Amino acid sequence: MPQGQPIRLYCFAHAGAGVSSFSRWTTAAAPGIDVVPVLLPGRDTRRREPRVTGRRALLADLLRTVGPPPNGPYVLYGHSLGGLIVYTVTRALREAGLNPPALVVVGASPPPDVTGAVLRHARRPDEELVRALGELGAVPPGTARGGVWERTALPVLRDDLRLAGALKDSADRPLDTPLLVVSGRDDRLAPPELMAGWRKWTSGRVVERTVPGDHFFVRGPDLPRLLRRACHVVRRTADRAPDATLAEGRTRPQERNSR
């Protein structure tokens, strides 16, 4: 890749969220990394736009708002629902013959063939759904019952759960890109043993990492540091085959090859 050109790190958030989880990343990004939070319709500055609940609508919106992928190497990170989105986007790029990511990173996201605990409660009435989410640790810490979160985020969350179900239903084959799987040590929704199921969802190399925190470890300091290291490895190996991306640096000691 041209010297001085930054690695783009596209970030997709969890269900019910905008891009605030990544706001600190954009201001504290390391040199050579361009953090690009991707805002889906129906939230934050796009709150007046209809939310997407299916694969085709999601891909059409991303093509319109984000555009085609860069020509050089780049990285996708997806947290929870975002993990299913980056899987879906990568598959679609391959199908279209477009440049796939050099590395896909999924965090706090059960693999496509697993119906997570939140999805099992998706059709419950609001009060029951919120109670179940709280018991599962899927409500942001400090959220007040009946407060702003329930009024504003819960409708978005419901549509995002519909999107998650649609993306799981459409998942039909593994990726062929390197995959970094990140788990929260105290995450009850996607513990490390469940996240290990991603190993069969790529024919590329798989590396698993566990960081401190619960389902919302995306807001802590450890994940950004891990992703910065991964992006630097991608940059150093930009002229090699994509499947070698994770084969050096700090990822070597615990890597697992899914082939």
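For the numbers below, each heavy atom of this structure counts, side chains included, while hydrogens, waters and symmetry mates do not. Nothing here was measured: the structure is a model prediction, and the numbers come from that model.
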Novice: If I compare all heavy atoms of Leu62 with all of Val89, which pair ends up nearest, and what's the gap?
Specialist: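 Distance-wise, the nearest heavy atoms are CD1-CG2, 3.5 Å.
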
Novice: Do Phe217 and His79 have ring centres separated by under 6.0 Å?
Specialist: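 Yes, close enough.
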
Novice: Of all heavy-atom pairs between Gly42 and Val156, which one has the smallest distance, and what is that distance?
Specialist: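 Heavy-atom minimum between the residues: O-CG2, 3.7 Å.
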
Novice: Using atom types as modelled and distance alone, determine if a side-chain donor or acceptor of Ser80 lies under 3.5 Å from a backbone N or O of Gly82.
Specialist: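 No; judged by distance alone, with no hydrogens or angles, the pair does not exist.
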
Novice: Surrounding CZ of Arg64 (heavy atoms of other residues, nucleotides or ligands, distance under 6.0 Å), is the total greater than 12?
Specialist: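 Result for CZ/Arg64: enclosed.
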
Novice: Hey, which of Leu39, Thr45, Leu40, Val38 is the one that makes side-chain contact (heavy atoms from CB on, under 4.5 Å) with Val19?
Specialist: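 With Val19 as partner, Leu39, Thr45, Leu40, Val38 yield a single side-chain contact (heavy atoms from CB on, under 4.5 Å), made by Leu39.
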
Novice: Glu95: which residues meet the salt bridge (Lys or Arg N to Asp or Glu O under 4.0 Å) condition with it, sequence neighbours left out?
Specialist: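 In terms of salt bridge (Lys or Arg N to Asp or Glu O under 4.0 Å), with neighbours along the sequence ignored, Glu95 is linked to Arg55, Arg91.
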
Novice: Can you check whether Ile33's main-chain N or O pairs, donor with acceptor, with Arg228's side chain at less than 3.5 Å?
Specialist: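 No: the side chain of Arg228 does not pair with the backbone of Ile33.
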
Novice: Hydrophobic clustering (ILVMFWY, side-chain heavy atoms < 4.5 Å, transitive) - are Val114 and Val86 grouped together?
Specialist: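 Hydrophobic grouping puts Val86 apart from Val114.
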
Novice: Counting distance only, does the side-chain N/O of Asp34 pair as donor-acceptor with the main-chain N or O of Pro6 below 3.5 Å?
Specialist: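 Pair absent, no side-chain N/O of Asp34 close to backbone of Pro6.
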
Novice: Would you check if Trp25 and Val218 make a side-chain contact, meaning some heavy-atom pair closer than 4.5 Å?
Specialist: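 Trp25 vs Val218: side chains touch.
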
Novice: Looking at Asp113, is its backbone amide N or carbonyl O close enough to the side chain of Lys168 to form a donor-acceptor pair, meaning the two atoms are under 3.5 Å apart?
Specialist: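 Absent.
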
Novice: When you compare the side chain of Arg199 with that of Pro111, does any pair of heavy atoms fall below 4.5 Å?
Specialist: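 Of all side-chain heavy-atom pairs linking Arg199 with Pro111, none is under 4.5 Å.
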
Novice: Is there a side-chain contact between Arg8 and Pro69, using heavy atoms and a 4.5 Å cut-off?
Specialist: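 No; the side chains remain at least 4.5 Å from each other.
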
Novice: With Pro101 as reference, evaluate Val234, Leu175, Leu9, Leu93 under the side-chain contact (heavy atoms from CB on, under 4.5 Å) test and give the passing residue.
Specialist: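 Among the candidates, only Leu93 passes.
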
Novice: So which heavy atom on Pro110 is nearest to which on Met195, and how close?
Specialist: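 Nearest heavy atoms, Pro110 then Met195: N-SD, 4.2 Å.
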
Novice: Can you see which heavy atom on Trp198 is nearest to which on Ser109, and at what distance?
Specialist: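 Minimum heavy-atom separation between Trp198 and Ser109: NE1-O, 2.6 Å.
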
Novice: Is Arg185 salt-bridged to Asp214, cutoff N-O under 4.0 Å?
Specialist: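 So Arg185 does not pair with Asp214 through a salt bridge.
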
Novice: Atom CG in Leu157, atom CZ in Arg51: separation rounded to 0.5 Å?
Specialist: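 One gets 10.0 Å once the value is rounded to the nearest 0.5 Å.
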
Novice: Any chance you could measure Tyr77, atom OH, to Cys11, atom SG, to the nearest 0.5 Å?
Specialist: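 Reported to 0.5 Å precision, the distance equals 8.5 Å.
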
Novice: Do Leu194 and Leu84 belong to the same hydrophobic cluster, where Ile, Leu, Val, Met, Phe, Trp and Tyr are linked whenever their side-chain heavy atoms lie under 4.5 Å apart, directly or via other members?
Specialist: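 No, Leu194 and Leu84 fall in different hydrophobic clusters.
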
Novice: How about CZ on Arg162, more than 12 heavy atoms from neighbouring residues, nucleotides or ligands closer than 6.0 Å, or not?
Specialist: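 Incorrect, the count does not exceed 12.
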
Novice: Might you confirm whether atom CG of Asn71 has over 12 heavy atoms from other residues, nucleotides or ligands at distances under 6.0 Å?
Specialist: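 Result for CG/Asn71: open.
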
Novice: Is there side-chain contact between Leu179 and Val207, with heavy atoms separated by less than 4.5 Å?
Specialist: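 Sidechains of Val207 and Leu179: no contact.
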
Novice: Given 3.5 Å as the limit, does a donor-acceptor pair link the side chain of Arg219 with the main chain of Phe216, or not?
Specialist: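 It does not hold such a pair.
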
Novice: Output the distance between atom CG (Leu180) and atom CG (Leu226), rounded to the nearest 0.5 Å.
Specialist: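 Rounded to the nearest 0.5 Å, the CG-CG separation comes to 5.5 Å.
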
Novice: Any side-chain heavy-atom pair from Trp201 and Val106 closer than 4.5 angstrom?
Specialist: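 No. Closest side-chain heavy atoms not under 4.5 Å.
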
Novice: Apply side chain to side chain contact (heavy atoms under 4.5 Å, CB included) to residues Arg225 and Val211 and explain how you reach the verdict.
Specialist: CA-CA 10 Å; Arg225 285 198 291 261; Val211 298; over 6 Å; no

Novice: What are the two closest non-hydrogen atoms of Pro100 and Thr177, and how far apart are they?
Specialist: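 The pair with the smallest heavy-atom distance is CB-CG2, 4.4 Å.
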
Novice: Could you state the interatomic distance from CZ (Phe12) to CG (Leu81), rounded to the nearest 0.5 Å?
Specialist: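 The distance works out to 10.0 Å.
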
Novice: List the atom of Val66, the atom of Tyr10, and the distance in Å for their closest heavy-atom pair.
Specialist: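 That would be CG1-CE2, 3.8 Å.
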
Novice: State the CG-OG1 distance between Asp187 and Thr210, to the nearest 0.5 angstrom.
Specialist: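 Going from CG on Asp187 over to OG1 on Thr210, the span is 10.5 Å.
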
Novice: Are Asp160 and Arg43 ion-paired here, with the side-chain N under 4.0 Å from a carboxylate O?
Specialist: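 A salt bridge links Asp160 with Arg43.
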
Novice: Rounded to the nearest 0.5 Å, what separation is found between the OG1 atom of Thr88 and the CG atom of Leu76?
Specialist: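 CG of Leu76 is found 11.0 Å from OG1 of Thr88.
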
Novice: Evaluate the side-chain proximity of Ile7 to Pro73: yes if any heavy-atom separation is below 4.5 Å, no if none is.
Specialist: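 In contact.
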
Novice: Tell me whether Tyr87 contacts the main-chain N or O of Pro174 through its side chain, where contact means a donor paired with an acceptor under 3.5 Å.
Specialist: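 Answer holds: no.
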
Novice: Within the distance-only criterion (no hydrogens, no angle test), does the side chain of Asp176 pair as donor or acceptor with the backbone N or O of Gly204 below 3.5 angstrom?
Specialist: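 Checked: no pair found.
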
Novice: With salt bridge (Lys or Arg N to Asp or Glu O under 4.0 Å) as the criterion, how do Arg46 and Asp61 come out once you've worked through the C-alpha distance, each side chain's angles and the decisive distance to 0.1 Å?
Specialist: CA-CA 12 Å; Arg46 303 187 66 190; Asp61 179 79; 2.6 Å; yes

Novice: Could you check whether Glu193 pairs with Arg188 (Lys NZ or Arg NE/NH1/NH2 to Asp/Glu carboxylate O, under 4.0 Å)?
Specialist: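 Looking at Glu193 and Arg188, the cut-off is not met.
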
